[in-house]
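Have a look at the structure below before the remarks.
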Amino acid sequence: MDAQELKDIAKYLYESEMNLTEIEKITITKAPRLTAEEAYQIQDYMTQMKLDDGHEIFAPKLGLTSLPKMEQMNVKNPIYGYVFDYMVVENNESFSVNEYIHPRVEPEISIVLKEELKGPGVTIEDVKEKIDYVVSSVEILDSRYVDYQFTHPDVIADNTSARGAVYSEEKINLDAIDLNNEKAILKINGEIKAEGIGSAVLGNPLEAIVFLANELGSKGMSVPAGVPIMTGGMSNAVPVKADDRIEIDYTTLGKIRIKATE
Ligand code: OOG
Ligand code: MG
């Protein structure tokens, strides 16, 4: 596909996000043979449009890194995208479901680096050396696609369903946490709706950062320092509606509490 066609799709997806209009999968309506590479080009064009409109990138994010998520969405390859400044919700605050199409929440471990990391050739040891600290997070996803259904290129082009993110303020050192055994329990209105464990994320959540560094490295880009990078949902994602009280408890990482409102 040529650049103009990819840009038109980027604009279409961007408008869907901003106007809260659900759309059919672009692999049905606009680009039946869309490759993952072209889908990332669409994502990049959309990122540029957001930057041009004055939005800022907050942090990169990983997705579809765990079996529960791959099985829930029926897409088996990890992906990455970007959380923007307007998506961040403070811990212990509320967010309005009226600003979303069909929001879902999922627990994630986030990693903050002390120095940027650049692939290719990055290993898990390189990641460990560059870690500043670990925080808990919850992603508030919102696919722009009808019925929350997509294929691998669709979800890449749609900036990996990014729309909301909450990070805890409690910083935990890498040597004070057993990342693979870190457990998250997600409750909605007091009822357990999902549970996940760190090792579900690519066998070790740090592998998500390895993947990101090597993917970005292949494009001449690096993983930034100083921002929390979500390593991907540890459990399936759970739909939320107005008046839901969302509580996520972690073994070692900080608790997250948010409220969904009208
Ligand atoms: C796609 C984004 C996946 C994760 O953590 O697995 C993702 C989706 O499920 O909407 O962010
Ligand atoms: Mg996620």
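Heavy-atom basis, side chains included; hydrogens, waters and symmetry copies ignored. Counting starts at 1 for both ligands and their atoms, following the listed order.
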Apply side chain to side chain contact (heavy atoms under 4.5 Å, CB included) to L62 and I229, showing your working.
CA-CA 8 Å; L62 282 302; I229 302 164; 3.9 Å; yes
Please tell me whether F58 and Y86 form a close aromatic pair, meaning their ring centres lie under 6.0 Å apart.
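No, they do not, as the ring centres are separated by 6.0 Å or more.
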Kindly indicate whether a cation-pi arrangement holds for K30 with Y12, taking the cut-offs as under 6.0 Å to the six-membered ring centre and within 45° of the axis.
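Because its charged atom sits under 6.0 Å from the ring centre and within 45° of the axis, K30 does stack over Y12.
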Within 45 degrees of the ring normal and closer than 6.0 Å to the centroid, is that where the cationic atom of K50 sits relative to F84?
yes
Given a threshold of 2.8 Å, state how many protein N/O/S atoms are nearer than that to the Mg ion (ligand 2).
3
Option among I197, I177, V201 that satisfies the side-chain contact (heavy atoms from CB on, under 4.5 Å) test with E182
I177
Trace of the side chain to side chain contact (heavy atoms under 4.5 Å, CB included) decision for K255 with Y250
CA-CA 6 Å; K255 294 178 195 311; Y250 291 82; over 6 Å; no
Donor-acceptor pair between S168 and N91 side chains, under 3.5 angstrom
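On atom types as modelled, these side chains do not qualify, holding no pair under 3.5 Å.
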Can you find a side-chain donor-acceptor pair between D53 and Y14 that sits under 3.5 Å?
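Their side chains do contain a donor-acceptor pair, which is all the 3.5 Å distance test asks for.
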Can you tell me how the ring of Y80 sits relative to the ring of F211, calling it parallel under 30°, perpendicular over 60° and tilted otherwise?
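Ring orientation, 0 to 90° scale: perpendicular.
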Within the 4.0 Å heavy-atom sphere of ligand 1, strictly under, residues:
K61, L62, G63, L64, K69, M73, E106, E108, E139, L141, Y148, F150, V155, T160, S161, G232, G233
